[in-house]
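The figures here come from the full heavy-atom set of this structure, side chains too, leaving out hydrogens, waters and symmetry mates. In this text, all values refer to a predicted model and were calculated from it rather than measured experimentally. Chain naming here is simple, since letters A, B, ... match the order of the sequence lines and numbering starts at 1 in each.
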Number of protein chains: 2
Amino acid sequence: MSPEDGSVDDDPPMRWNGWGDPRRESALPLAVRTLLPLLLGRVRRPAKAAELGDVDIPATRLTESDIAGLAAAVGAQHVDVSADARIRHSRGRSTPDLLRSRAHEQDAPDAVVRPGTHDEVTAVLAIASDLALAVIPFGGGTSVVGALEPQRGTQRAVVSLDLRRLTGLLALDEISAVAVLAAGTTGPEAEELLGAHGFELGHYPQSFRYATIGGFAAARSSGQNSAGHGRFETMVTGIRVATPTGDLDLGRAPGSAAGPDLVRVFLGSEGIFGVITEVRVRVHPVPQSRVFEAWSFPDFAAGAEGLRQVAQHGGGPTVIRLSDEAETAVSLAQVGRIGKALSRGASVVTVYEGDDIATRRERTASLLRNAGGTSSGEGDAAAWRDGRFDGPYLRDALLDAGVFCETLETATTWSNLARLRGAITEALRAGFAEAGAKSYVMCHVSHIYPTGASLYFTVLAGVRDDPLEVWGRVKSQVNDAIMASGGTISHHHGVGRDHAPWLAEEIGETGVRILTAIKRELDPQGILNPGAVIALTKGD
Amino acid sequence: MSPEDGSVDDDPPMRWNGWGDPRRESALPLAVRTLLPLLLGRVRRPAKAAELGDVDIPATRLTESDIAGLAAAVGAQHVDVSADARIRHSRGRSTPDLLRSRAHEQDAPDAVVRPGTHDEVTAVLAIASDLALAVIPFGGGTSVVGALEPQRGTQRAVVSLDLRRLTGLLALDEISAVAVLAAGTTGPEAEELLGAHGFELGHYPQSFRYATIGGFAAARSSGQNSAGHGRFETMVTGIRVATPTGDLDLGRAPGSAAGPDLVRVFLGSEGIFGVITEVRVRVHPVPQSRVFEAWSFPDFAAGAEGLRQVAQHGGGPTVIRLSDEAETAVSLAQVGRIGKALSRGASVVTVYEGDDIATRRERTASLLRNAGGTSSGEGDAAAWRDGRFDGPYLRDALLDAGVFCETLETATTWSNLARLRGAITEALRAGFAEAGAKSYVMCHVSHIYPTGASLYFTVLAGVRDDPLEVWGRVKSQVNDAIMASGGTISHHHGVGRDHAPWLAEEIGETGVRILTAIKRELDPQGILNPGAVIALTKGD
């Protein structure tokens, strides 16, 4: 984007049926092509995917009068019933989403509506309540948990509420280091706008290049710099929300005991209670220096112990992540160092940004050395940084080559980390084996806390049957294993529709009743994102 | 308490109509007696307060059958309708509470019920729902916002649910540094139990000696070490809750995106949604070293700028607090140094605990010096520490001497701190002046965040008319000023009944609707703490 005019249309939209910039080739690196048959045996190339122009979607269910009503709220040019827009708003970027996008017949929302202001969002919600239209808030379109599926619930039709026109830095309090960003501002836009004033938000999830500030808030995102700057929810000091039955402007002070923190009711609500239109966030000066250092450990357990020491000590790196043996080997293979990979156990990347780097690095190094780590210099850590947003491109290339590839994540306490990792790895391997598929499971820790850490899995599999069907079964078994082993159903991907059936187990029936009561109060017609977070029951 | 047998009855209960240990004399120091007439003119000694044995309370509204029903849940010996118990559970420790406790005729709950387990709490809530009895959860009895007033709402009678039998360290995960404490465990009990294993919770609000872990959670407490260890809500990783319509066991992972964080719905709920029976908290090793350092600044503004730099830099002291010129002068006068006081502006206390003290101290010192601070050595900071839990004893002595004394607190962003402080100071001075009373207003900052800070006021006044009536008017004007000037209605005291009328302004009508919807779902009979947090309306 160009910060001068607030335009957001300089870059092309994300590849409609894959990740990222459509101008960029996503071919498999030679090393990966060499490695795959060793890991997975022979795989079958998939049938050719549909082109955008070949996709059939149902005719819009909106009547002329519906369209006129919506146009009255946002302007006729911002109610889009074109097939192109509807297909581009029909899903997120999970592997099942990408597999479904290869089909010639697809489902899609009945229109894309693009409000330009908070009040236009409010107006759309009022009209949608009147007209019985489901509304699916849409930010960067990067959900990997089915949060954007065009489900109507009990409504007549469904519109995708594209929030990308709500873009900009609305206020910056340099003394308090607080910025107000419009919800549709993307990660790069936010950093460019803040950077012009010397500030940074410092939130870098893998979806950073496309995802929006409102999406980070609504889905309880966590970024690569979480060791330094915390989860996104810890950066949020306030939000503005439009609901079908009233507006909210929450978060009055940096600390408060004014009843429960209602900001937290909306962080993680994924658009089922209301639409976040503005987010007030803590920012910090753009870091003036940055140091990378990679480490190797004999095995994952030793590396995890090192990370635990760093987390419980505090004041360490801005980024810290631990790849297990399997992920370390493939990462090194990708850069052509298979031999070295096989001789090494688990690898850790650390990045230090900001002040006091020498002190923080020295302290962290001492803790990592005590846990059995050996510094392997800057190079490997910088290599991670260069490719850190590119995983999804590689997945596209793998899918094109017929290799199933998907990620999933959870978190637990330090004392339960090994058990949970074992249970998930076993569920993945066994699940694919049942389908006659060889699989390769990699795991890393990328978010640490004094009391525990996240676990992020990447699985590759040579699936010969319908991969959607096989993965549905395997993922379900993995989710059961997560619940049985004390993990959370998601550390930062969110609930969406994919995880909703397991949420009840995590928060209990009484917890679901709390969510349902809030939803009934704010959205009595049930127009907002039906089926996300709270699974639809038969009556819906 | 003695950790060997879990007994909690070794110390006498808190003075029934004042603060703390009844064996301890609370006389005014000579310096304060000298200073008061200079500040406030002549004050009038109050009429002699009633003795506990002289207080008349209404007969219990509970029938024999009600008592039998409650006894079936908790055992007959734990349903107490004695006047002594009922009077001791009729209020908290705000100045209005203490003034009301001087009267001969008082209100009181109809019984005190003491459950011993989570299941007994559940049973009491079920019986109370059946019998139409209001239930007021009672921990340490230290509320200063009217959270313990025996209001019945629409119920037949009201019982105080004393949670002090729910005491103990239920689990300790030393690897993850997580402890589970029963909700009725007091601050000192928790530290003793954890200390036996080498761990500390590190939460030291002024109410520490009496308040309970469940109370800290229910009221979103913040303690003196918040710069180092955060607000209590940041220490909580999970809770167990009994509600009239179902139990909850929340908080599965150190970080999660499994929908909204429902733990946060209960932190700050002050017993209106359910009763917190267990709290899972992050703990840390008992600090092996501790360093004190006091600083003086030309004025409050310079000191506040120093604290802002420290907060935004991070990794600083465990405790940091800034007293304004008025508070600095009185503090020094108390230790016999009026002369020195008058020559000094604003004072800052810092305490460093744990690791890396030299680095943290050096960095903090550099920031404070740059903001105009001068180190004044260990002594003044250690003096603060020695007296840090004793403020309430001094208030008792002041009230006995006829000096009105009360505290109130709020928080805002750094950029708004001076404006808010000015507005509150002016509202206090003008309010008392309207009543013909001279007042003396002191302020300190005791909780800092990257984006802002708390403001804590202590006001002394020579009130000649009914102090309850005068303070009711003044406090109302102060609350209006806080709202008009962008502060929160409470930073850590909570809402209770005293602040409930202002909460709607802070969170908006839609915010109140969210709270009401949750309450209706979990407590459909409305038995839990009627009138706290959500103000009662005429229908109630």
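- Heavy-atom distances place no part of A:Ile272 under 4.5 Å from chain B, backbone and side chain included.
- With a 4.5 Å cut-off on non-hydrogen atoms, A:Ile507 touches chain B through its backbone and its side chain both.
- A:His491 touches chain B through backbone and side chain together, each having a heavy atom under 4.5 Å away.
- Contact count against chain A (heavy-atom pairs under 4.5 Å) is highest for B:Arg308 among B:His492, B:Arg308, B:Glu509.
- Side-chain contact between B:Ser207 and B:Phe216 is present, with at least one heavy-atom pair separated by less than 4.5 Å.
- For B:Phe266 against B:Gly274, the heavy-atom pair with the smallest separation is CE2-N, 4.5 Å.
- Proximity to chain B (any heavy atom under 4.5 Å) is restricted, for A:Thr237, to the side chain, taken from C-beta onward.
- Looking at A:Leu267, only its backbone comes within 4.5 Å of chain B, counting heavy atoms on both sides.
- Residues B:His447 and B:Ser222 have side chains in contact (heavy-atom distance under 4.5 Å, counting atoms from C-beta outward).
- Contacts of A:Met483 with chain B are made by both backbone and side-chain atoms, with heavy-atom separations under 4.5 Å.
- At a 4.5 Å heavy-atom cutoff, the contact between A:Ala219 and chain B is made by backbone atoms alone.
- Ranked by heavy-atom pairs shorter than 4.5 Å toward chain B, the options A:Ala253, A:Gly251, A:Ser176 are led by A:Ser176.
- For B:Asp173, the part lying under 4.5 angstrom from a heavy atom of chain A is the side chain only.
- One side chain, B:Thr318 or B:Arg360, offers a donor N or O that lies under 3.5 Å from an acceptor on the other.
- B:Thr245 and A:Arg513 share a donor-acceptor pair across their side chains, judged by distance under 3.5 Å alone.
- B:Ala453 touches chain A through its backbone: at least one of N, CA, C or O sits under 4.5 Å from a heavy atom, while the side chain does not.
- Exactly one of A:Glu409, A:Glu506, A:His499, A:Arg220 qualifies for a side chain to side chain donor-acceptor pair (under 3.5 Å) with A:Ser490. That residue is A:Glu409.
- Among the candidates B:Val178, B:Val283, B:Val281, the single residue satisfying the side-chain contact (heavy atoms from CB on, under 4.5 Å) test with A:Thr451 is B:Val178.
- Residue B:Ala411 comes nearest to A:Gly255 through the heavy atom pair CB-O, 3.5 Å, listed as atom of the first residue, atom of the second, then distance.
- Only the backbone of B:Glu174 comes within contact range of chain A, with at least one heavy atom under 4.5 Å from a heavy atom of that chain.
- Between chain A and the residues B:Trp502, B:Trp414, B:Phe273, the most heavy-atom pairs under 4.5 angstrom are made by B:Trp414.
- No donor-acceptor pair under 3.5 Å is formed between the side chain of B:Thr243 and the backbone N or O of B:Asp247.
- Between the side chain of B:Ser366 and the backbone N or O of B:Glu362 there is no donor-acceptor pair closer than 3.5 Å.
- Counting heavy-atom pairs under 4.5 Å between each of B:Gly354, B:Ala500, B:Gly452, B:Ser454 and chain A puts B:Gly452 at the top.
- Interface remark: A:Ala532 contributes no atoms to any contact with chain B (heavy atom separation under 4.5 Å).
- Of the listed residues A:Ile534, A:Thr510, A:Ile518, the one with more heavy-atom pairs under 4.5 angstrom with chain B than any other is A:Thr510.
- In this structure, the ring of B:Tyr456 has its center less than 6.0 angstrom from the ring center of B:His493.
- Within the 4.5 angstrom heavy-atom criterion, only side-chain atoms of A:Gln312, from C-beta onward, approach chain B.
- Contacts between A:Leu420 and chain B at a heavy-atom distance below 4.5 Å are absent for every atom of the residue.
- If you tally non-hydrogen atom pairs under 4.5 Å between each of A:Gly508, A:Gly486, A:Gly496 and chain B, the highest count goes to A:Gly486.
- Counting heavy-atom pairs closer than 4.5 Å to chain A, the top residue among B:Glu270, B:Arg520, B:Arg363 is B:Arg363.
- Both the backbone and the side chain of A:Arg264 come within less than 4.5 Å of a heavy atom in chain B.
- Contact of A:Ser415 with chain B is made through backbone and side chain together, with heavy-atom distances under 4.5 Å.
- When heavy atoms are compared at a cutoff of 4.5 Å, B:Ile448 does not approach chain A at all.
- Taking chain A as the reference chain and counting heavy-atom pairs below 4.5 Å, the highest number among B:Pro285, B:Pro260, B:Gly268 is found for B:Pro260.
- Of all heavy-atom pairs spanning A:Leu248 and B:Gly511, the tightest one is CD2-N, 3.4 Å.
- Counted by atom type alone, B:Arg231 and B:Tyr449 present one or more donor-acceptor pairs between their side chains at under 3.5 Å.
- Among B:Val241, B:Asp355, B:Thr516, B:Leu250, the residue making the largest number of heavy-atom pairs under 4.5 Å with chain A is B:Asp355.
- If you tally non-hydrogen atom pairs under 4.5 Å between each of A:Val533, A:Thr234, A:Val265 and chain B, the highest count goes to A:Val265.
- A pairwise comparison of heavy atoms in B:Pro450 and A:Arg282 identifies CB-CD, 3.8 Å as the closest pair.
- A salt bridge links A:Asp249 with A:Arg280: at least one charged nitrogen is closer than 4.0 Å to a carboxylate oxygen.
- Shown here for B:Gln309 and B:Leu367, the closest heavy-atom pair between the two residues is O-CD1, 3.8 Å.
- Comparing A:Leu262, A:Val145, A:Ile489, A:Leu417 by heavy-atom pairs within less than 4.5 Å of chain B, the highest count is held by A:Leu262.
- Interface remark: A:Asp356 contributes side-chain atoms only to the contact with chain B (heavy atom separation under 4.5 Å).
- Closest heavy-atom contact between B:Val263 and B:Ile239: O-CD1, 4.0 Å.
- Proximity to chain B is limited to the side chain of A:His313, based on heavy atoms less than 4.5 angstrom apart.
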